[in-house]
Every structure is written in C-alpha cells, then in structure tokens.
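Note that this is a predicted model, so its numbers are computed, not measured.
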Amino acid sequence: MGQQAIKKRQKKENRSVEKGWRTASTSDIHELYEQSVQEPEAECELIDQVWSELRGRKCVHVREDFCGTSAMSMAWIKHNPANTAIGVDLDASVLEWARKRIPERLTPEQADRLTLIEGDVRAAATDPVDSVCAMNFSYYLLRTRDELRDYFKIARSHLVDDGLFLLDAYGGSESFEEMEEDRHLDGFTYVWDQNSYDPISGEAVNYIHFRFPDGSKIEKAFEYHWRLWTLPEIREILIEAGFSDVVVYWEGSDEDGEGDGVWSRAERGEACEGWVSYLVAMK
Ligand SMILES: C[S@@+](CC[C@H](N)C(=O)[O-])C[C@H]1O[C@@H](n2cnc3c(N)ncnc32)[C@H](O)[C@@H]1O
C-alpha cells in the first residue's frame, strides 16, 4: 500500500503542464482542489462494482452529501444516461461555482438530471435514492459519536429499501503524525498539511495549501477540523444507526507496494503507513 498518509490526496505526479505556469492570483482554489484530490470517475466505477457485488443490480439514483464542486454528481450523471444525482452542500459559494460550470460540463439533458441543494446534509429532504455517498472524509467533521450516529441515521433514511451508503475513510500510522507532504501537479504544488493531532480528543486540524513556481502561494486554501475516526468505530456507529451490515473495500497493491486502484471486500487490512478504504453500509 502507499507510503503517504492519504492516498486519494496523492494523485499521480505525471500530469503534463498543459496550461503553463500558474500563479496564486490566476488560480481558482476549487479547480486546484479538483485536480489535486478528486477522482470522480473512479468513484462511479466503484459504485457500479459494489452494487453488482452486493445487490446484483444497477445503482441509478445517487445523493452526494458534502458535494462541494459536485464533481462526483456530474461524473455520475455522465456515467450512464439513466443516472440522476442530488448534491447537497452548506456552502452557497461552492454551489454557485458548480452551477456556473454546468454549461461546460453537462449537456442540457444531463443538467436536467442534476439537482443541487444548499443546506445541511442533516436537514435537506430529498426523494429516496439508491446510494448516499459521503466522500473525501467529509463526515470526519462530525466529532462526537452522537453527532456521527445522528448523521448516519439520516443518511439511512434517504435510502430505498435495498439502498447502500458509501463513504470513504483514511488511516495508517502516518495519519496520526503532524507532517506535510507535497506533490507537484499541473503548474502548481499541492500541500497536504496535517497541522495538529491531539491524541486525547482524537481531533486533527488539516490544511490544503497551494504553491506556485513564481513563489506565490495560497495558504490554508482549505481547512479541516476533523475527528480521526478509525474503521472499527465507524463500522460500529453505522450499525448503531440501524444499518444491517457494513462491508469494507480495501485496495490491492502493485509490485512496488503502491495502491493499484483495485478494490475488494476484506475482513483484514494491512498495517501500512497510509491507506484509504471505502465502507459500504447496507440498509
Ligand atoms: C472536504 S469537502 C468535500 C468535497 C467533496 N465531497 C469531495 O469529495 O472532495 C467538504 C464539503 O462539505 C461541506 N459541508 C460541511 N459541513 C456540511 C454540512 N453539515 N452539510 C452540508 N455540507 C457541509 C463544505 O461546505 C465542503 O464543501
């Protein structure tokens, strides 16, 4: 498995410099975020895989909680002509960013299958969906068991009878360290800053910074105050919230020991320095 704390935040550094050098003043933090940490098409493939393996049917209707730029929702819409997506986020400005990009990212017919809702994921009422997804560890911002259980109950209530709740998790020995890692991407450097971790509360403060070849920077472009939940805790709380079972999908590794993007159901993981996994909670 990967050596770095957060594999999803370590997209390969082999991107070509397509747009020339960037600077802080010419850059858009949401675009840089998408380029740095998101792989929405891979998440759509994983949804197909888990539905095929666990339910033997296709997932069609998805609700993306904490959707941010709604990259996953838009990818889901494009993934299959029947698919629909609902994105929910508290932040009006990031939803506005997403809405402005709809004409360049989706056809009018595809756009009709996308709904973006400004609101708290715990309050936004929507029609039942096949899957609720909470990606990029967004639910780590719920820092007590009670808060997390309440959210999981609400996510469950949005599912159809055979619905699946998909969420990702990260961990490994390096995730508890105060450290920075950087990666050189398309004309900028992405910095993941695990700024502080308190072993008593389990709370971590993490930042994303962006730095540019001309020396300019965007410090604390994103800031996360998270509880570093462990997999057994998350599984237990999902069961307490009423899910009937929780399956962990663990990533395989290539000959160099790096994650190979192949996910399979597992009962045992590996004590590596950094891992990302997916949990699938069954209604
Ligand atoms: C880490 S970003 C995740 C973005 C995206 N899901 C991804 O995969 O990268 C977290 C997002 O959650 C939103 N958020 C935080 N608390 C929320 C809440 N209670 N309800 C809805 N959205 C919330 C923030 O506005 C932010 O856009």
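Closest approach of F212 to G187, counting heavy atoms only: CD2-O, 4.1 Å. Residue K220 comes nearest to H209 through the heavy atom pair N-ND1, 2.8 Å, listed as atom of the first residue, atom of the second, then distance. Summarising the geometry of L116 relative to A98, their closest heavy-atom pair is CD1-CB, 4.1 Å, with the distance given to 0.1 Å. Closest of all the heavy-atom pairs between C67 and L95 is SG-CD2, 3.7 Å. Here the closest heavy-atom approach between residue A204 and residue L228 is recorded as CB-CG, 3.9 Å. In this structure, G242 and R156 approach most closely via the heavy-atom pair O-NE, 3.0 Å.
For Y140 and F66, the distance between ring centers is not under 6.0 angstrom. Ring centers of F137 and Y170: under 6.0 Å apart, within the cut-off. Between F165 and F243, the ring center distance clears the sub-6.0 Å criterion.
Annotation: side chain of Q38 is not in contact with side chain of E43 (no heavy-atom distance under 4.5 Å). Looking at heavy atoms from C-beta onward, D186 lies in side-chain contact with Q35 at the 4.5 angstrom threshold. Looking at V280 and V246, their side chains never come closer than 4.5 Å, going by heavy atoms from C-beta outward. Side-chain atoms of L279 and R235, non-hydrogen and from C-beta on, do get closer than 4.5 Å to each other. No side-chain heavy atom of V262 sits under 4.5 Å from any side-chain heavy atom of E251. Counting only heavy atoms from C-beta outward, the side chains of L159 and V132 approach each other to under 4.5 Å. E174 has its side chain within reach of M179: a pair of non-hydrogen atoms, C-beta onward, lies under 4.5 Å apart. Considering only heavy atoms from C-beta on, V247 comes within 4.5 Å of M282 through its side chain.
Rounding to the nearest 0.5 Å gives a distance of 3.5 Å between CZ of R63 and NE2 of H158. Taken to the nearest 0.5 Å, the SG atom of C44 stands 5.5 Å off from the CE atom of M72. If you take CD1 on I47 and OG on S52, they are separated by 13.5 Å, rounding to the nearest 0.5 Å. Atom CG of D65 and atom OG of S138 lie 9.0 Å apart (nearest 0.5 Å). Atoms CH2 and CZ, from W51 and R57 in turn, are 4.0 Å apart once rounded to the nearest 0.5 Å. Note that CD1 of I234 and CD1 of I239 are 13.0 Å apart. Values are rounded to the nearest 0.5 Å.
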May I have the step-by-step check of side-chain contact (heavy atoms from CB on, under 4.5 Å) for S73 and I86, ending in yes or no?
-> CA-CA 7 Å; S73 292; I86 303 165; over 6 Å; no
Walk me through it: do I208 and Y224 pass the test side-chain contact (heavy atoms from CB on, under 4.5 Å)?
-> CA-CA 9 Å; I208 293 175; Y224 305 107; 3.8 Å; yes
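Looking at S36, its side chain does come within 3.5 Å of a backbone N or O of L32 through a donor-acceptor pair. At distances below 3.5 Å, not a single donor-acceptor pair connects side-chain atoms of H225 with backbone N or O atoms of V205. Without hydrogens or angle criteria, D130 side chain to V62 main chain gives no donor-acceptor distance under 3.5 Å. In this structure, the side chain of E178 engages the main chain of Y197 through a donor-acceptor pair within 3.5 Å. Side-chain atoms of Y33 do not come within 3.5 Å of backbone N or O of T69 as any donor-acceptor pair. R265 places no side-chain N or O within donor-acceptor distance of the main-chain N or O of V248, the cut-off being under 3.5 Å. Counting only distance, with no hydrogens or angles, the side chain of Q194 and the backbone of E177 share a donor-acceptor pair below 3.5 Å. A donor-acceptor distance shorter than 3.5 angstrom exists from the side chain of W229 to the backbone of L142, with no hydrogens or angles considered. Side chain of N195 to main chain of N206: no donor-acceptor pair is present (N/O by atom type, distance under 3.5 Å, no hydrogens or angles). A side-chain donor-acceptor contact under 3.5 Å links S175 to the backbone of G172.
Applying the side chain to side chain donor-acceptor pair (under 3.5 Å) test between T189 and each of H184, R183, R211 identifies H184 as the sole match.
Every residue two or more places apart in sequence or in another chain that forms a side chain to side chain contact (heavy atoms under 4.5 Å, CB included) with E45 is listed here: H79. Under the rule for a salt bridge (charged side-chain N to carboxylate O under 4.0 Å, His left out), E223 has no partner lying at least two apart in sequence or in another chain. A271 pairs by the side chain to side chain contact (heavy atoms under 4.5 Å, CB included) definition with nothing, not counting sequence neighbours. In terms of the side-chain hydrogen bond (donor to acceptor under 3.5 Å, both in side chains) criterion, residue partners of R122 (sequence neighbours excluded) are, by chain and number, D120. R105 pairs by the salt bridge (charged side-chain N to carboxylate O under 4.0 Å, His left out) definition with E34, not counting sequence neighbours. In this view, T26 and T23 satisfy the side-chain hydrogen bond (donor to acceptor under 3.5 Å, both in side chains) rule, not counting sequence neighbours. In this structure, the side chain to side chain contact (heavy atoms under 4.5 Å, CB included) partners of T144, at least two apart in sequence or on a different chain, are D146, E147. Not counting sequence neighbours, the partners of Q110 by the side chain to side chain contact (heavy atoms under 4.5 Å, CB included) test are I77, K78, L106, T107, R113.
Within 6.0 Å of CD on E267 lie no more than 12 heavy atoms contributed by other residues, nucleotides or ligands.
Side-chain contact, Q49 with Y278: no donor N or O sits under 3.5 Å from an acceptor N or O. Judged purely by distance below 3.5 Å, without hydrogens or angles, the side chains of T84 and W76 never pair a donor atom with an acceptor atom.
Ring pair Y190/F210 is tilted by interplanar angle, where 30° to 60° counts as tilted.
The hydrophobic clustering, which links ILVMFWY residues whose side-chain heavy atoms are closer than 4.5 Å, places L238 and W250 together. Residues L141 and Y151 share a hydrophobic cluster, clusters being chains of Ile/Leu/Val/Met/Phe/Trp/Tyr side chains in contact below 4.5 Å. No single ILVMFWY cluster, assembled from side-chain heavy atoms under 4.5 Å apart, contains both W97 and F222.
Classification of K153 and E240 as a salt-bridged pair fails, no side-chain N sitting under 4.0 Å from a carboxylate O. Look at D214 and R22 and you find no salt bridge, because none of the NZ, NE, NH1 or NH2 atoms lies under 4.0 Å from a carboxylate O.
Sorted by first and then second residue, the salt bridge (charged side-chain N to carboxylate O under 4.0 Å, His left out) pairs with a member in residues 80-104 read D28-R101; sequence neighbours excluded. Applying the ring pair (Phe, Tyr, Trp, His ring centres under 6.0 Å) test to every pair with at least one member in residues 112-135, sequence neighbours left out, gives no pairs at all. Sorted by first and then second residue, the salt bridge (charged side-chain N to carboxylate O under 4.0 Å, His left out) pairs involving residues 193-203 (not counting sequence neighbours) are R143-E203.
Through direct or indirect side-chain contacts shorter than 4.5 Å among Ile, Leu, Val, Met, Phe, Trp and Tyr, I154 is connected to no other residue.
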